[in-house]
Amino acid sequence: MTQERGASIIEVIGVLAIAGLMSAAAIGMYNVIRNNQARKIASVELEQIAKNTELLMGMRDDYTGLSIKYLVSAGALNSSKAPIGGDDWSVSATNDGKGYSINLTQLSESECQYFTSTQPKWATSMTANGVKVTATPNCFSTRTNKVSFLVEK
């Protein structure tokens, strides 16, 4: 009687299917971890931007003229690159000049929900897509969300 060695094609396909599923799960977990890390880094950068803005302009209690370009030229920001989202972000003074807002644009729905889930200590209020953040954030399912952190004195 002859003894066969090796695996049948069905066994090989089964092993490849299991390996494929495990790879897909690992890639999915990697993306979740990477996105969460990017959001945490952005939160730290936003807090640093707020602190640097306070150090630079808080002494005179007037934030008129505040912009990303001004913060970069004064050394309060390393570059004009957005902490997260699109590069069409802004830092601007309120109408009366007594406060300022940091505005992030082109955020995904999950990024919008992340940033509006808890108000940072340095911000006095927040808006999502022009609506003041309450228990339920006003986040869209597209990458068109805008979150603003308002700091008023």
Side-chain angles (χ1 to χ4, degrees), residues 14-153:
V15 168
L16 290 175
I18 291 170
L21 287 173
M22 291 177 69
S23 296
I27 290 170
M29 286 303 298
Y30 170 76
N31 286 335
V32 167
I33 291 168
R34 188 189 67 185
N35 288 341
N36 286 340
Q37 190 65 28
R39 292 173 186 156
K40 287 177 185 176
I41 291 170
S43 294
V44 170
E45 287 180 10
L46 288 169
E47 183 176 6
Q48 192 61 49
I49 291 168
K51 285 180 181 178
N52 289 348
T53 302
E54 289 296 319
L55 287 172
L56 183 64
M57 304 195 65
M59 294 175 77
R60 58 183 196 179
D61 265 347
D62 184 14
Y63 296 91
T64 306
L66 182 63
S67 67
I68 294 170
K69 186 177 180 179
Y70 179 77
L71 291 173
V72 170
S73 67
L77 286 177
N78 292 332
S79 73
S80 61
K81 186 175 185 293
I84 198 165
D87 285 331
D88 184 29
W89 72 296
S90 64
V91 179
S92 57
T94 57
N95 290 337
D96 62 2
K98 298 294 181 190
Y100 63 94
S101 65
I102 301 172
N103 312 297
L104 300 176
T105 59
Q106 299 170 356
L107 298 175
S108 68
E109 182 179 17
S110 61
E111 290 168 341
C112 176
Q113 290 172 348
Y114 174 83
F115 286 109
T116 56
S117 64
T118 306
Q119 181 174 313
K121 293 177 184 176
W122 52 267
T124 53
S125 65
M126 296 185 319
T127 63
N129 300 312
V131 177
K132 186 171 176 134
V133 174
T134 57
T136 308
N138 183 36
C139 297
F140 304 138
S141 61
T142 58
R143 241 189 129 68
T144 58
N145 293 290
K146 177 182 178 180
V147 174
S148 298
F149 302 91
L150 184 63
V151 179
E152 293 180 299
K153 299 295 168 185

[atom1]/[X] to [atom2]/[Y] distance, rounded to the nearest 0.5 angstrom?
X: Met29; Y: Arg34; atom1: CE; atom2: CZ; result: 13.5 Å
X: Ser148; Y: Ile102; atom1: OG; atom2: CD1; result: 10.0 Å
X: Gln106; Y: Thr144; atom1: CD; atom2: OG1; result: 9.0 Å

Short side-chain to backbone donor-acceptor contact, [X] and [Y], under 3.5 Å:
X: Thr124; Y: Leu150; answer: yes
X: Thr105; Y: Lys146; answer: no
X: Gln119; Y: Ala123; answer: yes

#### Entry: Which atom of Tyr63 lies closest to which atom of Gly58, heavy atoms considered
OH-CA, 3.5 Å

### Query
So, for Leu107 and Cys112, which heavy atoms are closest and what is the spacing to 0.1 Å?
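Closest pair (atom of Leu107, atom of Cys112, distance): CB-N, 4.3 Å.
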
### Query
Phe149 and Leu46: side-chain contact (heavy atoms from CB on, under 4.5 Å), yes or no, with the steps?
CA-CA 9 Å; Phe149 302 91; Leu46 288 169; 3.7 Å; yes

Just wondering, do [Y] and [X] contact through their side chains at under 4.5 Å, heavy atoms?
X: Thr116; Y: Cys139; answer: yes
X: Tyr114; Y: Lys40; answer: yes
X: Met126; Y: Pro120; answer: yes
X: Met57; Y: Leu66; answer: yes
X: Thr53; Y: Tyr100; answer: yes
X: Tyr70; Y: Leu56; answer: yes
X: Phe115; Y: Ser43; answer: yes
X: Leu71; Y: Asn52; answer: no

### Query
What pairs with Lys51 under salt bridge (Lys or Arg N to Asp or Glu O under 4.0 Å), at least two apart in sequence or on another chain?
Glu47

### Query
Are more than 12 heavy atoms from other residues, nucleotides or ligands located less than 6.0 Å from atom CG of Asn95?
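Open.
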
### Message
Quick one, Asn145 with Asn129, criterion side chain to side chain donor-acceptor pair (under 3.5 Å). Give me CA distance, side-chain angles, the key distance, then yes/no.
### Response
CA-CA 6 Å; Asn145 293 290; Asn129 300 312; 2.9 Å; yes

### Sequence neighbours excluded, every pair satisfying salt bridge (Lys or Arg N to Asp or Glu O under 4.0 Å) that has a member inside residues 129-143
Glu111-Arg143

### Query
Does the side-chain contact (heavy atoms from CB on, under 4.5 Å) test come out yes or no for Ser108 and Gln113, once each step is laid out?
CA-CA 9 Å; Ser108 68; Gln113 290 172 348; over 6 Å; no

### Query
So Val72 and Lys69, side-chain contact (heavy atoms from CB on, under 4.5 Å) or not? Walk me through it.
CA-CA 5 Å; Val72 170; Lys69 186 177 180 179; 5.9 Å; no

### Task
Kindly indicate, with the supporting measurements, whether the criterion salt bridge (charged side-chain N to carboxylate O under 4.0 Å, His left out) is fulfilled by Glu54 and Lys153.
CA-CA 11 Å; Glu54 289 296 319; Lys153 299 295 168 185; 3.1 Å; yes

Run the side-chain donor-acceptor check on residues 76-90: report pairs under 3.5 Å with partners two or more places apart or on a different chain.
from	atom 1	to	atom 2	distance (Å)
Ser79	OG	Lys81	N	3.3
Trp89	NE1	Ser80	O	2.8
Ser90	OG	Asn103	ND2	2.8

